[in-house]
Amino acid sequence: MTTTPAHSDPARSDPESSGGASTERLTFWEEATRWTLSVDHKKLGLMYIAAGLVFFLIGGVEAAFMRLQLMKADAGIIDPETFNQLFTMHGTTMVFLVGMPILLGFGNYLIPLMVGARDMAFPRLNAFGFWLFIFGGILLYFSYIGSQGLYGAPSAPDVGWFAYAPLTSRTFSRGNSTDYWILGILVSGFGSMTTAINFIATILCMRCPGMKLMRMPMIAWMMLVVAGLVLVAIPVLTAAQAMLLLDRSLGAHFFDPETQGSAVLWQHLFWFFGHPEVYILILPAFGFVSEILPVFSRKAIFGYSLMVAATVGIGFIALGVWAHHMFVIGMGPVLDSFFAAATFLISVPTGIKIFNWIGTMWGGRLRFATPMLFVTGFIAMFVIGGLTGIMLATVPMDWQLSDSYFVVGHFHYVLFGGTVFGIFGAIFYWFPKATGRMLDDKLGKWTFWLLFIGFTLTFMPMHVSGVLGMPRRVYTYEADRGFELWNMISTIGVPVQMAGILVFLWNVVRSLRKGEIAGNDPWDAWTLEWATTSPPPEWNFDRVPTVTSARPLWDLKNPEDPDAHYE
Amino acid sequence: MRTMSNEASVVMSATTTMPSRAKVGMASLIFMESAFFAAFLVTYLYYIGKSPDGPQPLDCLELGPVLFNSACLIASSVTVVFAVKSLARGAVGAFRLWMVVTILLGLEFLVGTGIEWRGLIEGKGLTLQSNAFGTTYYALVGFHAFHVAIGLLMLFGMLLLSLCGCINPKRDHMRVDIATWYWHFVDVVWIFVFTLVYIIGKVPQGGSL
Amino acid sequence: MRVKPKLQLLGLVLAAIAFAATNTDSFAALQSAPLEVCDSSIPPTEGAGVTGIFSPNSATTREIRDLSYLVFAICAAIFVVVQGFLVVAIVRGVKAARAAKRDPAGSSREPVQIYGSVPIEVAWTVIPVIIVFVLGMVTIRTIRNIDLTNPPDGALEVTVIGHQWWWEYRYEADARDGITRTIITANELHVPIGRPVWLRLESADVIHSFWVPRLAGKMDLIPGHSNAMWFTAETPGLYLGQCAEYCGTQHAHMLLRVYAEDSAQFDAWRAAQSKPAVEDATVAKGRAVFTQYACMNCHTIAGTSDGMFGPNLTHLASRDTIGSGFIDLTRANLRQWIADPDTMKAGCNMPSLKLADDELDAVTDYLMTLK
Ligand code: HEA
Ligand code: HEA
Ligand code: CUA
Ligand SMILES: [Cu+2]
């Protein structure tokens with residue numbers, strides 16, 4: 001009683017004008033209204049991704065300004081307050097307004113298509129979540145306009161993306177900028193939670209006939225685990241933000257040390273969210289790799305069940321390692337040891353993924369189209385980021401390296417080399433499905449190499465400056481410490497990255513208008529989304545498919561040797 | 001589109017084995033809310049006995065009234081079950097009656113909490129700003145009360161729908177049932193809150209766990 | 001399209017090699033770069049400018065460095081093995097693709113499908129488990145060896161209080177060493193070599209972090225939560241560091257300077273610091289300016305004022321720097337600082353009191369006498 005009728009609602013799925021395949025031309029306003037009012041998971045997914053990319057440009061420009069200032073010692077281009085606002089906005093933007101929405105956007109776009117459903121379980125809730133996210137983003141950036149409080153306080157939050165108490169108290173953070181920071185995250189957090197509920201309900205309840213759990217595409221598993229992490233982690237952040245808001249606006253004492261409040265409690269609550277959050281940011285990208293790699297290797301994913309187990313394992317372990325961000329607060333040897341051990345443990349399931357991917361490539365016939373380039377780059381770069389993570393988890397090393405540029409190097413390797421590379425791979429891979437046109441492969445390769453080189457130039461030297469003793473979040477540094485060379489190289493990498501991104505933007509604009517027509521299945525792939533048209537109709541599938549294995553299209557294309565035989 | 005209807009029937013038959021999305025959605029929501037309350041409960045626990053000055057739990061919290069309020073809330077969880085059972089039988093009148101009783105019991109809890117708070121604020125001088133106890137007490141109990149209010153709105157909405165004849169027992173009793181899960185959840189959370197605040201938390205000044 | 005795979009392959013291989021190279025290079029650089037700086041530009045006993053974690057000067061940091069080498073080595077080995085397999089998989093995969101393309105008739109449409117292999121998967125689960133076990137053991141062993149939480153015997157006790165954006169140091173009275181009153185100073189920490197220093201870490205406002213990489217790993221100063229740690233400096237010299245937890249506008253200029261001295265020098269320094277402020281009649285006007293304006297509300301000069309909001313100035317002139325370690329203490333700098341601190345350290349918590357030129361000169365001269 002709860003499934004299909006909503007999807008076959010003829011009022012909403014007008015076959016003539018929707019689904020992109022139509023010939024009728026709409027005016028701009030008709031088109032805009034259509035998108036704004038849409039509850040279609042594909043439109044929402046694309047809007048998430050587009051909005052996330054816009055925020056990515058904003059966050060990237062903020063980073064570029066920081067790098068400009070850090071190019072040499074005492075550059076004097078940006079004053080300290082502005083610099084502090086820049087890294088706060090950059091970090092907050094990249095985590096909450098770029099990583100989350102783009103990944104959840106892909107989840108939105110892909111999950112129903114890949115599990116053979118006609119929409120998400122709760123389409124209206126889905127649209128609500130999207131608009132909450134947009135509203136949260138606007139609230140955060142509104143602080144530039146609206147937060148000039150008493151005392152001429154700074155006009156954007158400058159408390160860092162994890163906003164340690166008591167720097168966030170009224171005493172040390174005047175004006176309203178921190179309140180906008182809280183509200184922005186709070187609101188977009190509600191958006192993420194509704195989306196997570198939708199993912200879970202869709203994956204558990206809406207699969208097409210034959211799509212057993214162990215036949216789902218890897219990405220569906222990843223999204224399921226991500227949704228689970230969101231359900232546990234984001235409410236804790238919401239609670240912490242609510243407490244902070246009470247502190248700031250009603251004079252409560254959760255985090256105010258002057259009245260027995262505890263600055264350490266904030267750290268526990270924040271990182272209980274914060275660590276799962278970084279896995280929320282990487283697991284969907286793992287999913288992209290697990291979908292793209294097999295297709296361009298022409299082989300089934302190696303060790304499907306172990307991959308699933310590893311994903312679920314990561315989900316559980318991720319909940320028990322948060323205090324590795326707090327090795328320098330003096331937790332004592334017992335807790336330090338416990339959290340170090342738990343953190344090391346996570347490299348086992350993560351390693352399984354890396355090895356299974358290499359196992360998938362092994363003996364395959366590789367084709368290096370742009371998506372494959374990005375996911376191969378992902379594997380190579382993520383391993384580096386993961387290994388620097390291991391070094392940070394080694395507690396005594398962390399006593400030296402915590403809050404240094406080594407940490408900045410670590411997390412950009414996993415977040416840029418991992419998440420962002422994964423996102424670019426996914427965009428190049430699924431763009432033909434969403435638009436019906438291919439992105440240009442030659443330009444794509446330019447994007448990859450420019451990003452790859454720029455990324456390495458920017459983030460590799462950070463490990464060195466960190467080891468040389470450069471702390472993070474400084475607007476300038478002393479000239480005699482040996483940091484200058486490494487910072488200069490870091491800064492030089494930024495224009496290279498920018499060039500790569502400009503090439504990408506040009507590619508998108510050009511391909512939308514005159515890209516090569518894609519056809520339904522340009523990559524000769526095996527999952528269900530390639531069984532429908534490009535772009536898919538609003539109802540996704542003319543016939544709801546019935547599947548017999550994890551690679552339904554393989555079975556169709558290779559009737560002599562179907563996967564179904566091996567299950 | 002033309003093939004849609006028969007395709008849909010295929011899906012219907014094949015998906016009967018999958019859980020209902022309403023159930024899964026509600027379960028996820030409840031799971032999420034539990035994480036939210038867990039954060040507040042842990043925070044409360046963390047601050048027990050850490051308020052050297054200002055009003056203390058031992059002086060402020062009286063068991064009498066709150067026991068009565070709690071009894072009402074727990075009773076409302078029982079009456080709401082009766083309501084759902086009636087609806088399943090098709091007894092719409094009984095359903096409405098039990099819903100009214102449930103809502104009244106829930107309201108009593110809210111009003112009772114209000115009276116208790118007034119006593120605390122005016123009688124004992126305990127406010128959100130007094131000390132760590134005041135802060136965590138009002139935040140935890142307040143957020144719970146807020147959820148009770150949301151639950152009440154849901155119940156009230158269902159009562160209204162039934163009064164205007166929009167609830168069809170056959171078609172909707174599952175939905176109503178699922179909606180009442182939320183009410184049960186609010187109830188269960190209260191049992192945790194009550195135990196923590198009124199039993200475990202009543203330690204002498206300076207004491208901690 | 002035909003030549004492309006070759007090019008990409010080459011690129012990837014080159015990139016992988018470049019990475020391996022930069023990785024080993026950076027190891028080398030990490031070890032030698034600090035020493036080079038040390039050798040060329042700085043007098044041997046000083047070592048200023050060096051804050052690298054691979055130039056330890058205490059038992060604890062040496063222990064951390066040794067652990068770091070081990071963990072670096074393990075990670076480098078994993079890196080080489082994993083990227084090696086990746087490169088081989090790429091080379092073979094591209095070859096296979098090309099072979100299949102050249103001979104479409106002979107080969108089947110798709111390569112052999114392999115869905116997994118239990119022994120292999122068990123192997124690459126178990127091996128990391130073993131590595132993780134080793135990592136865990138060495139980490140825990142080092143944590144216990146360093147034993148930060150227990151003060152060693154005979155330690156010199158110093159309380160460090162972090163302020164938005166400067167450091168306060170208090171040497172408690174020490175009857176054994178003949179020091180009868182608490183010494184309060186700022187921004188420059190003096191310690192004896194060869195004797196453990198037990199630091200009590202506190203904060204007056206927000207969270208800061210004490211980090212002098214060559215002497216000790218970092219430890220946070222958290223308001224309402226006392227922390228402690230210790231180190232023993234080995235050779236005399238100046239050890240630099242800086243606040244390592246973001247603490248607001250001037251976090252970047254909250255530098256640390258630790259002067260490690262042999263015990264005779266240290267005792268002399270401490271004896272001098274425990275004296276009251278120099279009283280020099282020739283600068284009486286400056287002293288008057290100081291007490292007349294709000295200076296005295298924020299700064300202590302023993303015998304003259306007892307403000308506690310800013311750094312203690314009793315022996316200001318015995319220090320090398322002002323503004324928490326980044327401005328050389330010269331007359332001109334000091335004058336400029338008093339005239340308008342914001343021009344030197346934007347956003348700092350000392351206001352400009354808009355003194356007239358002659359008052360500025362007077363108070364600067366006065367402060368310069370406070371040896
Ligand atoms: C995508 C996001 C992402 C991911 C996936 C990770 C993954 C990991 N992170 Fe990272 N981390 C961040 C994002 C991420 N991190 C961010 C944003 C911060 C800073 C926050 C801030 O302060 O602002 C941070 C900070 C951070 C710290 C705190 C540093 C500090 O501030 O002092 C630590 C410490 O333990 C850490 C460890 C790890 C570990 C062990 C992993 C592991 O999951 C890595 C596992 C992967 C591998 C190990 C490689 C592959 C495995 C093999 C090839 C198998 C063989 C290997 C072994 C047996 C070792 N991270
Ligand atoms: C997904 C996450 C993500 C991503 C992708 C990035 C991308 C980048 N980040 Fe950062 N970063 C974080 C997450 C991320 N970051 C976080 C969480 C922090 C911690 C914050 C904190 O401490 O609180 C941080 C902190 C951080 C710092 C440390 C600041 C400090 O501690 O003082 C630095 C310094 O160099 C930096 C640099 C960069 C750079 C150069 C990029 C580049 O890769 C960006 C490349 C993108 C561009 C250059 C944009 C391209 C723009 C154009 C092409 C212009 C077109 C314009 C229009 C059309 C209008 N980031
Ligand atoms: Cu003090 Cu940063
Ligand atoms: Cu983490």
Side-chain angles (χ1 to χ4, degrees), chain A residues 1-5 7-8 10 13 15 116-118 121-122 125 193 196-210 227-228 230-240 242-243 246-247 250-254 259-262 265 268-269 272-273 537 539 541-544 546, chain B residues 1-43 46-47 50-54 127-136 138-140 142-143 171-172 174-175 178:
Chain A
M1 134 262 154
T2 45
T3 40
T4 34
H7 311 297
S8 45
S13 47
R118 294 216 146 110
F122 311 108
L125 187 69
M193 290 189 276
I197 293 179
N198 235 324
F199 281 13
I200 293 178
T202 309
I203 292 172
L204 293 185
C205 313
M206 312 280 290
R207 280 163 288 136
C208 67
V230 168
L231 285 195
V232 183
I234 306 264
V236 175
L237 176 70
T238 306
M243 294 177 198
L246 287 178
D247 269 13
L250 296 180
H253 307 298
F254 282 105
T259 45
Q260 278 74 49
S262 166
L265 179 66
H268 278 294
L269 292 173
F272 183 83
F273 145 80
W539 55 91
F541 301 99
D542 284 342
R543 295 166 45 97
V544 168
T546 304
Chain B
M1 273 319 271
R2 254 156 282 112
T3 55
M4 214 46 191
S5 49
N6 39 8
E7 288 309 325
S9 66
V10 172
V11 185
M12 287 257 266
S13 61
T15 46
T16 41
T17 53
M18 281 193 214
S20 114
R21 61 188 163 148
K23 278 187 188 163
V24 171
M26 182 53 90
S28 307
L29 177 71
I30 287 175
F31 187 71
M32 190 181 94
E33 294 267 32
S34 312
F36 178 82
F37 276 106
F40 274 95
L41 287 165
V42 168
T43 304
Y46 182 90
Y47 281 121
K50 293 204 177 123
S51 302
D53 4 81
T127 67
L128 191 73
Q129 305 185 355
S130 302
N131 52 14
F133 165 55
T135 292
T136 51
Y138 285 109
L140 177 59
F143 270 110
R171 192 189 61 201
D172 295 330
M174 274 307 287
R175 288 190 194 176
I178 292 168

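Values in this document were obtained by computation on a predicted structure and should not be read as measured data. Below, chain A is the first sequence line, B the second, and so on; all start at residue 1.
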Which atom pairs, one a donor and one an acceptor, fall under 3.5 Å between side chains of residues 24-32 of chain B and the rest of the protein, sequence neighbours left out?
unit_1	atom_1	unit_2	atom_2	d
Ser28(B)	OG	Val24(B)	O	2.8

Please state whether the side chain, the backbone, both or neither of Phe143(B) comes within less than 4.5 Å of a heavy atom of chain A.
side chain
Closest non-hydrogen atoms of Ala239(A) and Ala39(B), given as atom of the first, atom of the second and distance, are CB-CB, 3.6 Å
Okay, side chain of Ser51(B), backbone of Phe133(B): is any donor-acceptor separation there less than 3.5 Å?
yes
Distance-minimising heavy-atom pair for Thr43(B) and Met243(A)
OG1-CE, 3.2 Å
Closest-packed option against chain B by number of heavy-atom pairs under 4.5 Å, given Ala242(A), Gly251(A), Gly261(A), Ala201(A):
Gly251(A)
Quick one: CG on Leu231(A) to CZ on Phe36(B), what's the gap to the nearest 0.5 Å?
14.5 Å
What part of Ala196(A) is in contact with chain B, defined as an atom under 4.5 angstrom from a non-hydrogen atom: side chain, backbone, both or neither?
neither
Tell me, for Phe40(B) versus chain A, whether the close heavy atoms (under 4.5 Å) come from the side chain, the backbone, both or neither.
both
Considering only heavy atoms, which portion of Tyr47(B) lies under 4.5 Å from any heavy atom of chain A: side chain, backbone, both, or neither?
side chain
Heavy-atom cut-off 4.5 Å, strictly under: side chain, backbone, both or neither for Thr202(A) against chain B?
neither
Quick one: what part of Ile200(A) sits under 4.5 Å from any heavy atom of chain B, side chain, backbone, both or neither?
both
Determine whether a donor-acceptor pair (N or O, by modelled atom type, separation under 3.5 Å) exists between the side chain of Ser130(B) and the backbone of Gly54(B).
no
If you count heavy-atom pairs under 4.5 Å between each of Leu250(A), Val236(A), Val232(A) and chain B, which one has the most?
Leu250(A)
Mind checking ring pair (Phe, Tyr, Trp, His ring centres under 6.0 Å) for Phe254(A) and listing every partner two or more places apart, or none if nothing turns up?
none
With a 4.5 angstrom heavy-atom cut-off, which part of Thr136(B) approaches chain A: side chain, backbone, both or neither?
both
